[in-house]
There are 2 protein chains.
Amino acid sequence: MGKAEENWGVVTALVRSSFLVNAVYAEAAREYGLTPQQGQLLCVLMAQPYGMSELGAVLRLAKSSLTELVNRSTQRGLVRREPDRKDRRAVQVTLTEQGGELAEAFYTAACRRIDELPAGLDEAERATLTELLSRVVRDNNVPMVFLGRDEAAPSAHGR
Amino acid sequence: MGKAEENWGVVTALVRSSFLVNAVYAEAAREYGLTPQQGQLLCVLMAQPYGMSELGAVLRLAKSSLTELVNRSTQRGLVRREPDRKDRRAVQVTLTEQGGELAEAFYTAACRRIDELPAGLDEAERATLTELLSRVVRDNNVPMVFLGRDEAAPSAHGR
DNA sequence: CACGCATGGTTCGCCACACGAACTATTTAC
DNA sequence: GTAAATAGTTCGTGTGGCGAACCATGCGTG
């Protein structure tokens with residue numbers, strides 16, 4: 001009997017924490033005049049420029065959705081399309097000056113807020129949580145959404 | 001230096017697992033011809049009928065957003081508005097026959113998929129993860145989104 | 001009782017988002 | 001050098017989300 005309970009327990013915990021993080025993330029974005037998607041785009045681009053296709057893979061968006069997102073972000077002066085000198089079809093999406101600053105500010109604020117969520121856990125528990133979640137994430141090949149800063153996007157050169 | 005690393009570690013882990021769960025949830029919904037929001041609505045209503053205001057609080061949606069969501073779901077024959085006999089302004093949103101069946105099927109499928117995410121963890125680790133995440137969720141008063149089944153929505157009578 | 005305020009929902013106008021299908025332009029493969 | 005793959009855009013459609021304005025009904029106080 002304990003088995004069954006445990007099983008839906010993980011699911012529930014995952015789903016609810018996901019909603020929680022989402023809500024906080026969206027709230028932070030809103031505070032900076034961003035939609036969650038734009039915020040996410042900015043955070044991804046903080047690490048390095050990306051081509052549209054790569055972005056689509058990272059953000060799990062269809063090409064057309066991405067085109068529109070980049071269009072809107074461009075109109076707001078946050079990002080810019082630059083021609084890829086190796087492939088004249090392709091495009092590199094990069095942060096503008098303004099976009100970079102906003103990204104930095106938003107990123108910091110979002111991290112701060114999310115960091116407060118597990119305030120009830122002590123250091124050891126936080127470490128455990130991090131370790132377990134990281135493994136789940138790695139096991140399910142989640143792209144490097146959010147935070148490519150210290151992680152230095154190693155695959156960038158190697159392709 | 002170890003401190004700083006740990007800090008962004010929790011944040012990253014939370015954000016990425018959140019994206020992961022979201023993606024899986026959305027995929028499951030899509031498989032059943034639902035949008036994630038509709039799926040969420042159905043799952044919430046599985047436990048019991050709700051008034052619009054309550055729903056708005058649970059789903060964190062503005063009133064108008066909810067009206068539209070319920071409209072669309074009604075048009076698809078998934079839910080139904082019933083008059084509240086105690087308050088003639090109010091409305092109770094309930095699942096239709098069809099909506100109930102679909103909710104059940106979707107809910108089961110979504111749970112199965114999400115349950116597979118932590119497949120790399122052993123029983124003890126899953127239990128730990130559940131416990132830690134549950135505490136985070138409880139500490140941040142997340143409404144009872146998803147799963148009100150075994151949890152029997154106790155506040156329903158007491159108000 | 002009547003006035004006014006609070007509450008529960010809907011309507012409206014606006015914009016963001018997400019997708020597939022169809023299209024253009026380049027690159028690559030043969 | 002043509003054919004197929006690849007990178008992006010455009011277009012049409014439906015969904016989602018919000019605030020402001022609005023209509024009812026309920027409620028409280030003089």
Side-chain angles (χ1 to χ4, degrees), chain A residues 19 22-23 25-42 44 49-94 145 159, chain B residues 19 22-23 25-42 44 49-94 145 159:
Chain A
F19 283 177
N22 260 348
Y25 191 89
E27 199 183 340
R30 177 166 258 246
E31 205 168 89
Y32 284 83
L34 294 170
T35 64
Q37 290 81 358
Q38 286 170 356
Q40 200 173 338
L41 176 62
L42 294 194
V44 169
Y50 280 91
M52 297 293 282
S53 301
E54 297 172 290
L55 273 181
V58 171
L59 302 180
R60 299 192 194 246
L61 287 179
K63 308 189 293 183
S64 52
S65 314
L66 194 55
T67 297
E68 300 296 340
L69 178 58
V70 171
N71 282 348
R72 286 186 294 266
S73 306
T74 301
Q75 277 161 7
R76 296 196 181 178
L78 304 176
V79 306
R80 183 177 42 211
R81 282 181 175 90
E82 287 185 350
D84 183 329
R85 54 186 57 223
K86 291 300 175 191
D87 184 342
R88 267 188 302 171
R89 299 169 296 181
V91 152
Q92 292 285 109
V93 183
T94 73
V145 205
R159 42 160 42 201
Chain B
F19 283 179
N22 260 348
Y25 191 88
E27 197 183 343
R30 178 167 255 244
E31 205 170 89
Y32 284 83
L34 293 170
T35 65
Q37 290 79 0
Q38 286 170 355
Q40 201 173 336
L41 176 63
L42 294 193
V44 168
Y50 280 91
M52 297 292 284
S53 302
E54 297 171 290
L55 272 182
V58 171
L59 301 180
R60 300 192 194 241
L61 288 180
K63 308 190 292 184
S64 52
S65 313
L66 193 54
T67 297
E68 301 296 341
L69 178 58
V70 171
N71 283 348
R72 286 185 294 266
S73 305
T74 301
Q75 278 162 6
R76 296 196 181 178
L78 303 176
V79 306
R80 185 177 40 212
R81 282 181 175 91
E82 287 185 351
D84 183 330
R85 54 186 57 224
K86 292 299 177 192
D87 186 340
R88 268 189 301 172
R89 297 169 297 182
V91 153
Q92 291 286 108
V93 184
T94 74
V145 207
R159 41 161 42 198

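Values below: all heavy atoms of this structure, side chains included; hydrogens, waters and symmetry mates excluded. Because the structure is predicted, anything quoted here is derived from the model rather than measured. Each chain gets a letter, A, B and so on, in the order the sequences are listed, and its residues count up from 1.
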Fill in the blank from the handout: Quick note, side-chain hydrogen bond (donor to acceptor under 3.5 Å, both in side chains) partners involving residues 55-68 of chain A, not counting sequence neighbours, are none
Is there a side-chain contact between [X] and [Y] (heavy atoms, below 4.5 Å)?
{"X": "A/Leu41", "Y": "A/Leu55", "value": "yes"}
{"X": "B/Thr74", "Y": "B/Arg80", "value": "no"}
{"X": "A/Val93", "Y": "A/Met52", "value": "yes"}

Applying side-chain hydrogen bond (donor to acceptor under 3.5 Å, both in side chains), can you list everything that pairs with [X], at least two apart in sequence or on another chain?
{"X": "B/Gln40", "result": "none"}
{"X": "B/Arg88", "result": "none"}
{"X": "B/Arg81", "result": "B/Asn71"}

Once you round it to whole Å, what is the distance between [atom2] of [N] and [atom1] of [X]?
{"X": "A/Leu34", "N": "C/dC15", "atom1": "CG", "atom2": "P", "value": "18 Å"}
{"X": "B/Leu55", "N": "C/dT7", "atom1": "CG", "atom2": "C1'", "value": "16 Å"}
{"X": "A/Leu59", "N": "C/dA18", "atom1": "CG", "atom2": "P", "value": "9 Å"}
{"X": "A/Gln38", "N": "C/dA16", "atom1": "CD", "atom2": "P", "value": "7 Å"}

Fill in the blank from the handout: Protein-proximity profile, nucleotides 25-30 of chain C, B/S/- by nucleotide at the 4.0 Å heavy-atom cutoff, equals BBS---
Practice task
List for me each residue that meets salt bridge (charged side-chain N to carboxylate O under 4.0 Å, His left out) alongside A/Arg89, sequence neighbours excluded, and say none if there are none.
Solution key: A/Asp87
Completion exercise
Residue set satisfying salt bridge (charged side-chain N to carboxylate O under 4.0 Å, His left out) with B/Arg72, at least two apart, ordered chain then number -> none
Completion exercise
The complete set of salt bridge (Lys or Arg N to Asp or Glu O under 4.0 Å) pairs with one or both residues in residues 28-37 of chain A, sequence neighbours excluded, reads A/Glu31-A/Arg113
Exercise for the section: Provide the start and end nucleotides, 5' to 3', of the part of DNA chain D that has atoms under 4.0 Å from heavy atoms of chain A. Expected result: D/dA5 to D/dG19
Exercise for the section: Please list residues of residues 61-77 of chain A whose heavy atoms come under 4.0 Å from any atom in DNA chain C, ordered by number; otherwise none. Expected result: A/Leu61, A/Ala62, A/Ser64, A/Ser65, A/Leu69, A/Arg72, A/Arg76
